[in-house]
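Before I ask anything, here is the structure I am working with.
Nothing fancy with the numbering, it's 1 onward along the sequence. What you see is a predicted model, and the numbers here were worked out from it, not measured in a lab.
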Amino acid sequence: MSEVTESEALATLHRVFGYDAFRGDQEAIIEHVVAGGDAVVLMPTGGGKSLCYQIPALVRPGTGVVVSPLIALMQDQVDALRALGVRAGFMNSTQDFDERRTVEAEFLAGELDVIYLAPERLRLDSTLDLLSRGKISVFAIDEAHCVAQWGHDFRPDYLSLSVLGQRWPDVPRIALTATATHATHQEITQRLGMPQARHFVASFDRPNIQYRIVPKADPKKQLLTFLRQEHEGDAGIVYCLSRKSVEATAEFLCKNGIEAVPYHAGLDAGTRARHQARFLREDGLVVCATIAFGMGIDKPDVRFVAHLDLPKSVEGYYQETGRAGRDGLASTAWMAYGLQDVVQQRKLINMGEGDEAFRRRASSHLDSMLALCETAQCRRAQLLTYFGQEAAESCGNCDTCLTPPETWDGTVAAQKILSTVVRLDRERRQKFGAGQIIDILLGKRTAKVIQFDHDQLSVFGIGEELSEAEWRGVVRQLLAQSLIAVEGEYGTLVLTEESGAVLGRQREVRLRKEAPKPASASRSGSRERKAKTVAADLPEELQPVFEALRAWRGAQAKENGVPAYVIFHDATLREIAMQRPTSVAQLGTIGGVGEKKLATYGEGVLAVLTGLDGAGTGSGPGAAAGQDEDLFDAGPEPEPDPEFDDVDW
């Protein structure tokens, strides 16, 4: 059977999706599932996970059932599949009785290739009974990391999905996720009841994403400079910890000429839906959001993901940054990170409702995130190592590789910080935060210093060799190295078990030098960088062709009420601009142009090219287009997120 189905799978890839060859592990995964085997797939966002269950659903007899944890995006997922000629449907709480009955009838009649269900629906006896009366080709459990109770997107309803293997033992199951440590990987296998599944672990590397972390000064202004210089007019996501910060950042960007909308769990459902729809359907819109936004966003041309607050874990950071550059084009993961972020995250853990085991696990996750922020080595290598994968010492596409940071012997500086903490505690029975300790070291006679007679301490003024920003960097790095800790509601600094070795001169402390403030780039420099990012080295004479195709695509998307990427990805338009096909047959050889899209849009594309009258040459070979990666991921319903006022340091 495998030889026949392998050929059929490849033919389906070309006919439906418009590609001539599988990538990476796709072929092996698809062949295994088509033959009836279970699979657990770890593949990064943009790696083509969705094809791993879509093609088996099309090749095997019956309907593929996709468990997808965000109902808000199911309509877009189905629209994208239908644009490819796939018979797709969904069932969720947004439908009325008649709509659900229609989908049920189509499923029972064998008229659906794929049906999407939320995990909550599979807890209903009526849903299980419906599935029992139809023919199922494959079960796909997307975003499978949601089953992990220690994970960053835990969904209790995923715990019941082991029933699928018990009730339909002969139907293959494929569990997929874009981010999981070894422990999460094992938890997925155990909780879904898939002990015999074959495991496929692709590389977590996203080489098209440039990782950059900058010292936080004035984060909103830093963000504005970043966007104006490198991503003006691009679509992107800005993550903030609190709802208040989300609203303030969106307002700030709009006032400065960048179209932005907020998204957080405190907004009403209608506003969230409108903002999400705008982001999917419009070019160049920025969404400022809490972590309630993002998983399942299929937009392939997100050119940047920015963080104005420190993520809680490397898994969360990886998943959030992975929403950039799904089309394989150059994109940026940018973060502004400072001392306040460390203190605030420690406070959240210490004041949280979890038990001691939860706090230990959360602290471990935060420690790994801090290590990534403070490393002087390649950030990409550290990311990959975290997920248990080997990496080269230098990737050449992160800030620490492009501009290697200097390190210095910070032992004496660390001793001064720790000594100040000791003297406040032992001599005054007092505990203070980083701001007061730095003021003491700098010899500042502030109102608070005078109030508590801290100018009489022996450590007063002994740290004038460093600036305030440099001292904040020292404190931040000591926190990251667990040489000092944050305690209590007010974020006071206390010693740790490791502090004694530093005070006793038994341990050297190596620190990163704080990077100097970058000079503002000119608008001409901004245009040069933008051209390289958006057009991906497209020759200048072909850029009008590319833009004309984008304008045509935008009009088609608006007319059909679907996101632009459902028509064609940027990568496909770029290859069309390079190849300049003159016939429908030639257009059909372009990656990403399957039979249905060729029949629907072929003449329109050719009309655009004909009307340009020589705008561009396109005589050379086209750039390889990326597949329609992960067009149908979904994420959890937004959970309430905490709101914190800025800490006054």
Side-chain angles (χ1 to χ4, degrees), residues 23-24 42-49 152 177-180 202-214 223 226-227 229-231 234-239 286-287 289 291 293-295 297-308 310-311 313-337 368-369 372-373 375 377-387 389-403 529-537 565 569-571 574 623-630 633:
R23 297 187 312 171
L42 276 69
M43 186 178 289
T45 301
K49 292 193 307 297
H152 55 285
T177 181
T179 171
S203 172
F204 282 86
D205 192 12
R206 295 287 306 281
N208 63 309
I209 296 179
Q210 183 181 102
Y211 297 98
R212 283 159 47 198
I213 300 176
V214 302
L223 173 67
F226 165 67
L227 297 185
Q229 292 181 356
E230 301 182 43
H231 288 287
D234 287 341
I237 305 171
V238 179
Y239 283 109
V286 175
V287 169
I291 58 172
F293 179 83
M295 186 161 54
I297 293 298
D298 305 324
K299 191 176 178 67
D301 60 345
V302 175
R303 293 274 67 87
F304 69 88
V305 170
H307 284 85
L308 294 190
L310 183 70
S313 68
V314 176
E315 290 98 327
Y317 173 75
Y318 178 83
Q319 177 132 346
E320 288 153 18
T321 57
R323 288 156 192 159
R326 297 167 70 104
D327 53 9
L329 303 186
S331 305
T332 311
W334 180 92
M335 183 197 304
Y337 152 78
S368 297
M369 189 66 227
L372 177 65
C373 290
T375 184
Q377 309 303 316
C378 173
R379 294 201 200 277
R380 192 182 311 275
Q382 184 131 344
L383 266 177
L384 295 177
T385 299
Y386 179 85
F387 289 109
Q389 299 187 341
E390 294 184 4
E393 291 185 5
S394 175
C395 72
N397 194 30
C398 71
D399 53 357
T400 55
C401 289
L402 295 169
T403 308
R529 277 188 296 274
K530 186 178 186 305
K532 290 180 181 178
T533 300
V534 176
D537 298 323
Y565 64 79
H569 280 197
D570 276 356
R574 204 172 60 255
Q627 294 179 354
D628 286 348
E629 301 97 341
D630 277 357
D633 287 347

* Structure fact -> Of all heavy-atom pairs linking L310 and M335, the shortest is CD1-SD, 4.2 Å
* To do: Evaluate the criterion side chain to side chain contact (heavy atoms under 4.5 Å, CB included) for residue pair L308 and Y239; output intermediate values, then yes/no.
  => CA-CA 6 Å; L308 294 190; Y239 283 109; over 6 Å; no
* Asked: Which value, rounded to the nearest 0.5 Å, describes the distance between I209 atom CD1 and S331 atom OG?
  -> 6.0 Å
* **Heavy-atom pair of closest approach, residues A178 and K49** => CB-NZ, 3.8 Å
* Just checking, is any N or O donor in the side chain of Y211 or R206 under 3.5 Å from an acceptor N or O on the other one? -> no
* With R212, which residues qualify under side-chain hydrogen bond (donor to acceptor under 3.5 Å, both in side chains), at least two apart? -> Q210, E230
* Asked: In Å and rounded to the nearest 0.5 Å, what is the CD to SG distance from Q382 to C398?
  -> 10.0 Å
* **Straight-line distance of F293 CZ to I237 CD1, nearest 0.5 Å** => 5.0 Å
* To do: For the residue pair W334 and H307, establish whether any side-chain heavy-atom pair is separated by less than 4.5 Å.
  => no
* Structure fact -> Residues passing the side chain to side chain contact (heavy atoms under 4.5 Å, CB included) test with T385, sequence neighbours excluded, are none
* **Any residue meeting ring-ring contact (aromatic ring centres under 6.0 Å, His included) with Y337, in chain and number order, not counting sequence neighbours** => none
* Intermediate values then yes/no, side chain to side chain contact (heavy atoms under 4.5 Å, CB included), V214 and F226 -> CA-CA 11 Å; V214 302; F226 165 67; over 6 Å; no
* With a 6.0 Å cut-off on ring centres, are F387 and Y318 close enough? -> yes
* Asked: Is it true that the side chains of T400 and R379 contain a donor and an acceptor less than 3.5 Å apart?
  -> no
* Asked: Between V287 and V238, is a side chain to side chain contact (heavy atoms under 4.5 Å, CB included) present by the stated rule, with each step listed?
  -> CA-CA 6 Å; V287 169; V238 179; over 6 Å; no
* Residues in side chain to side chain contact (heavy atoms under 4.5 Å, CB included) contact with Q389, at least two apart in sequence or another chain -> V201, S203, F204, L384
* **Side-chain ion pair, R303 and D327, N-O less than 4.0 Å** => yes
* For the residue pair N397 and P207, what are the closest heavy atoms and their distance? -> ND2-O, 3.1 Å
* Structure fact -> Here the pair of heavy atoms bringing D570 nearest to L329 is CB-CD1, 4.4 Å
* Can you list the residues that meet the side-chain hydrogen bond (donor to acceptor under 3.5 Å, both in side chains) rule with Y317, with sequence neighbours excluded? -> none
* Looking at T321 and A333, what are the two nearest heavy atoms and their distance? -> CG2-CB, 3.6 Å
* Sequence neighbours excluded, which residues qualify as salt bridge (charged side-chain N to carboxylate O under 4.0 Å, His left out) partners of R380? -> D205
* Minimum-distance pair of heavy atoms, taken over all atoms of L223 and A306 -> CD1-CB, 3.9 Å
